[in-house]
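None of these values were measured; they are calculated from a predicted model. When a residue number appears, it is its place in the shown sequence, counting from 1. Excluded from the calculations below are hydrogen atoms, water molecules and symmetry mates; all remaining heavy atoms, backbone and side chain alike, are included.
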Amino acid sequence: MSKSPATRAVAKRERPLSPHLTVYRPPITMTMSIIHRITGGALYFGTLLVAAWLIAASTSQAAFDWVNWAFGSWLGRLVLFGYTWALMHHMLGGLRHLVWDTGAGLEKHTASKIAWATLAGSIVLTLLIWIAGYMARGAF
């Protein structure tokens with residue numbers, strides 16, 4: 001490094017690494033790609049919950065009642081709601097990638113629209129599934 005005072009002043013100045021989040025705004029396609037990976041990981045945990053429910057159903061009434069109580073609590077329902085959203089988001093993200101594999105929708109503007117549609121669709125589908133579930137139980 002140079003021993004010049006000007007160079008030392010520049011070197012001492014704290015600068016963000018490029019591209020830094022305060023300078024660079026991630027595009028929606030990148031954000032949806034990251035969320036797709038996160039939801040894929042979350043589905044492993046959610047599938048363990050489904051397996052726990054099935055195992056409890058096959059073992060004893062007491063185990064099944066306990067798991068149903070846990071899933072019926074506000075925290076259990078919140079986790080199941082998140083699992084439903086992760087499942088819907090990951091599914092729609094997979095369909096988005098399937099469309100891209102055909103070579104369609106790769107233009108920047110189209111890819112951004114599809115990414116926003118994936119997010120909106122996952123939210124709408126999750127709400128519809130939960131509303132249908134509550135209606136089937138007669139909770140509404």
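Side-chain contact between Asp65 and Trp69 is absent, with no heavy atoms from C-beta onward closer than 4.5 Å. A 4.5 Å side-chain heavy-atom check between Ile34 and Thr31 finds every atom pair outside the cut-off.
Applying the side-chain hydrogen bond (donor to acceptor under 3.5 Å, both in side chains) criterion to Ser122, with sequence neighbours excluded, gives Trp85.
When all heavy atoms of Leu43 and Thr47 are compared, the pair lying nearest together is O-OG1, 2.6 Å. A pairwise comparison of heavy atoms in Gly93 and Thr118 identifies N-CG2, 3.8 Å as the closest pair. When all heavy atoms of Arg96 and Ile114 are compared, the closest pair comes out as CG-CG2, 3.3 Å.
Counting only residues at least two apart or in different chains, ring pair (Phe, Tyr, Trp, His ring centres under 6.0 Å) contacts with residues 98-125 comprise His97-Trp100.
Criterion: ILVMFWY side-chain heavy atoms under 4.5 Å apart, direct or through other members. Under it, Tyr134 and Met88 are part of a common hydrophobic cluster. Residues Tyr83 and Leu128 do not share a hydrophobic cluster, clusters being chains of Ile/Leu/Val/Met/Phe/Trp/Tyr side chains in contact below 4.5 Å. Cluster membership check: Leu125 shares its hydrophobic cluster with Met32, using side-chain heavy-atom separations under 4.5 Å among Ile, Leu, Val, Met, Phe, Trp and Tyr. Criterion: ILVMFWY side-chain heavy atoms under 4.5 Å apart, direct or through other members. Under it, Val124 and Met91 are not part of a common hydrophobic cluster.
Remark: side-chain polar atoms of Ser60 are not paired, donor with acceptor, to backbone N or O of Ala56 under 3.5 angstrom.
With values rounded to the nearest 0.5 angstrom, Thr39 atom OG1 is found 9.0 Å from Leu87 atom CG. The distance from the CD1 atom of Ile55 to the CG atom of Leu48 is 9.0 Å, given to the nearest 0.5 Å. Remark: Trp53 CH2 to Phe64 CZ distance equals 5.0 Å, nearest 0.5 Å. In this structure, CD1 on Ile123 lies 11.0 Å from CG on Leu92, to the nearest 0.5 angstrom. Rounding to the nearest 0.5 angstrom, the gap separating the OG1 atom in Thr84 from the CG atom in Leu127 is 10.5 Å. Note that CG of Leu49 and CG of Leu80 are 7.0 Å apart. Values are rounded to the nearest 0.5 Å.
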Show your working on side-chain contact (heavy atoms from CB on, under 4.5 Å) between Val79 and Phe71 and close with a plain yes or no. CA-CA 8 Å; Val79 169; Phe71 287 170; over 6 Å; no
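Taking a 6.0 Å sphere around CZ of Phe81, one finds it holds more than 12 heavy atoms contributed by other residues, nucleotides or ligands. Enclosure of atom CZ in Arg77 by more than 12 non-hydrogen atoms of other residues, nucleotides or ligands within 6.0 angstrom is indicated.
If you look at His36 and His89, their ring centroids are not closer than 6.0 Å.
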